Amino acid sequence: MVFSVIILVLLLVLLIASGLMHFTFRQVTQMKLQTNESMFEYLERTGVFSQERFDTLDKREVQTTSKDGLKLHGYVLEPHPDLQRWAIIVHGYTVSLAVSTQYIDMFQQKGFNILLIDQRRHGKSEGKYTTYGYEEKYDIEVWVTWILENYGKDCVIGLHGQSFGGGTVLEYLSIAHPNVKFVIADCPYSDLTELIRHQLTVLNKIPAFPLLPMVDRYTKRKAGFRLGQVSPLKTVENSTLPVLFIHGTEDNYVPTHMSQDLYNHKPEPKRLLLVEEAVHGNAFGVDPNRYIHEVHSFIEEALDTVT
């Protein structure tokens with residue numbers, strides 16, 4: 001009788017653990033995507049952009065194909081057709097290029113044309129799983145090549161990524177093309193394993209063991225990568241490309257210390273902007289003037305040697 005009870009308890013524990021593992025995996029790689037309407041409502045509430053303005057922008061829909069055969073979607077804006085400066089703006093998890101519209105003016109003011117992209121599995125781009133830069137860095141590589149092939153091999157390119165997009169552009173540092181001259185990473189994670197550990201234990205009060213190793217193995221089996229294979233902290237240690245890290249001081253979703261850790265591990269040139277009272281992903285909305293000033297100053301310094 002006692003033995004039967006033990007077996008039943010063990011089976012129950014395994015069922016609970018399995019259910020949590022599948023739920024966590026879906027949250028990490030396949031969380032429900034937000035609608036364009038909800039994204040523009042957020043931007044309009046913060047006063048940084050609007051649906052109406054996006055609809056009236058002079059823009060062109062473009063697409064390319066990822067190295068593993070997925071359709072990748074974007075929009076091109078060419079306010080400076082005579083200049084070969086390009087900014088690729090990369091959005092975060094569950095959103096789309098609609099969120100990236102808030103940064104358009106900031107780059108236009110410095111003479112940049114704009115490529116807004118939908119990351120794989122987001123917006124109008126294809127894909128089944130989010131891999132936090134493991135595959136997405138190669139999508140950035142494809143877009144960089146697309147710009148050079150369509151607008152000239154002498155184009156100067158900068159990257160801006162927010163949250164998951166910040167992780168993506170930092171992961172791209174390991175394969176960066178020489179024409180990419182700077183990277184701006186807004187509220188990025190320093191290490192995917194540590195991010196998931198934080199979100200399990202701090203945000204959801206769930207013990208990391210044995211769930212985290214189970215999720216890691218399942219992610220490898222289903223999505224083709226291990227959590228430990230995504231670590232911008234390791235990537236920045238070997239990069240001398242100029243990077244500006246931006247983070248809100250009240251961010252608990254991706255903790256502020258992750259950008260501080262990234263900054264501390266990266267060789268020069270580098271900058272760190274901490275925006276007081278900003279939570280996750282709203283540093284620009286909280287203090288747009290300071291954000292723009294710091295980005296413009298950083299770009300000027302990064303391109304000082306570029307003719």
Side-chain angles (χ1 to χ4, degrees), residues 48 77 79-80 83-92 99-117 140 144 147 155-174 176-190 232-233 235-249 251 254 256-276 278 280-307:
V48 294
L77 294 85
H80 305 285
L83 298 180
Q84 289 187 303
R85 285 188 173 189
W86 283 87
I88 302 176
I89 309 180
V90 190
H91 63 78
V99 164
S100 301
T101 57
Q102 62 188 302
Y103 305 113
I104 289 174
D105 290 346
M106 179 175 68
F107 285 104
Q108 286 184 350
Q109 290 162 6
K110 298 302 289 183
F112 282 82
N113 299 298
I114 312 293
L115 174 60
L116 306 174
I117 65 169
I140 301 299
V144 167
I147 288 175
C155 286
V156 170
I157 300 172
L159 307 180
H160 180 290
Q162 184 186 58
S163 190
F164 156 44
T168 294
V169 298
L170 292 178
E171 284 288 293
Y172 173 77
L173 290 174
S174 64
H177 192 281
N179 288 57
V180 174
K181 302 301 182 182
F182 65 85
V183 166
I184 300 167
D186 185 334
C187 58
Y189 40 86
S190 56
L233 197 66
T235 305
V236 302
E237 288 178 333
N238 300 309
S239 176
T240 56
L241 201 66
V243 176
L244 168 60
F245 302 99
I246 302 173
H247 224 110
T249 60
D251 192 343
V254 177
T256 308
H257 73 77
M258 288 197 160
S259 276
Q260 295 169 314
D261 293 342
L262 286 161
Y263 175 81
N264 290 335
H265 279 74
K266 191 197 176 296
E268 296 284 352
K270 60 184 178 180
R271 289 194 187 188
L272 174 65
L273 170 62
L274 298 180
V275 179
E276 297 293 330
H280 187 65
N282 78 333
F284 185 77
V286 168
D287 197 345
N289 291 332
R290 185 180 175 208
Y291 195 111
I292 293 170
H293 173 78
E294 292 293 334
V295 166
H296 284 180
S297 174
F298 169 72
I299 290 174
E300 289 168 7
E301 183 177 282
L303 300 188
D304 186 47
T305 59
V306 178
T307 57

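We're numbering straight along the sequence, starting at 1. All of these numbers come straight from a predicted model, not from anything done at the bench. The basis for the numbers below is simple: all heavy atoms, side chains too, and nothing from hydrogens, waters or symmetry mates.
Taking the side-chain hydrogen bond (donor to acceptor under 3.5 Å, both in side chains) definition, one finds that T240 meets it with nothing, sequence neighbours left out. Looking at residues two or more places apart in sequence or on another chain, you find a side chain to side chain contact (heavy atoms under 4.5 Å, CB included) between S100 and I89, H91, L116. Shown here are the side-chain hydrogen bond (donor to acceptor under 3.5 Å, both in side chains) partners of D105, two or more places apart in sequence or in another chain: R53. Residues satisfying the side chain to side chain contact (heavy atoms under 4.5 Å, CB included) criterion with V144, sequence neighbours excluded, are I88, I140, L148, I157, Y172, H177, V180. Considering only residues two or more places apart in sequence or on other chains, Y263 meets the ring pair (Phe, Tyr, Trp, His ring centres under 6.0 Å) condition with none of them. Not counting sequence neighbours, the partners of A87 by the side chain to side chain contact (heavy atoms under 4.5 Å, CB included) test are F107, F112, I114. Residues that satisfy the side chain to side chain contact (heavy atoms under 4.5 Å, CB included) test with Q84, not counting sequence neighbours, are D154, C155. Taking D251 as the reference, H247, H280 meet the side-chain hydrogen bond (donor to acceptor under 3.5 Å, both in side chains) condition, with sequence neighbours excluded. Qualifying side-chain hydrogen bond (donor to acceptor under 3.5 Å, both in side chains) partners for H296, counting only residues two or more places apart in sequence or in other chains: none. Under the ring pair (Phe, Tyr, Trp, His ring centres under 6.0 Å) criterion, Y189 pairs with Y132, sequence neighbours left out.
Taking all atoms of both residues into account, the shortest heavy-atom contact from S239 to P267 is O-CD, 3.5 Å. Scanning both residues, R290 and V275, for their nearest heavy atoms gives NH1-CA, 4.2 Å. Closest approach of P188 to V254, counting heavy atoms only: O-CG1, 3.3 Å. Here the shortest heavy-atom pairing between L233 and V236 reads O-CG2, 3.3 Å. In this structure, A283 and A278 approach most closely via the heavy-atom pair CA-CB, 3.8 Å. Of all the heavy atoms in P232 and E171, the pair that sits closest is N-OE2, 3.2 Å.
In this structure a side-chain-to-backbone donor-acceptor pair under 3.5 Å is present from N113 to L83.
Inter-residue side-chain proximity for R85 and H80 is flagged as unmet; no heavy-atom pair is nearer than 4.5 Å. By the 4.5 Å heavy-atom criterion applied to side chains, D287 and E276 are not counted as neighbours. In this structure the side chain of L262 never reaches within 4.5 angstrom of the side chain of V243, judged on heavy atoms. Proximity of F245 to L170: side-chain heavy atoms (C-beta onward) are separated by under 4.5 Å at one or more points. With a 4.5 Å cut-off on side-chain heavy atoms, L303 and F182 count as touching.
Here the CE-CD distance, from M106 to E294, works out to 11.5 Å after rounding to the nearest 0.5 Å. Rounded to the nearest 0.5 Å, atoms OH (Y103) and CG (D186) are 4.5 Å apart. Between atom OG1 of residue T235 and atom CG of residue L241 there is a gap of 12.5 Å, rounded to the nearest 0.5 Å.
Note: H160 and Y291 have tilted aromatic rings, judged against thresholds of 30 and 60 degrees for the angle between ring planes.
Few gaps surround NE2 on H257; more than 12 heavy atoms of other groups in view lie less than 6.0 Å from it.
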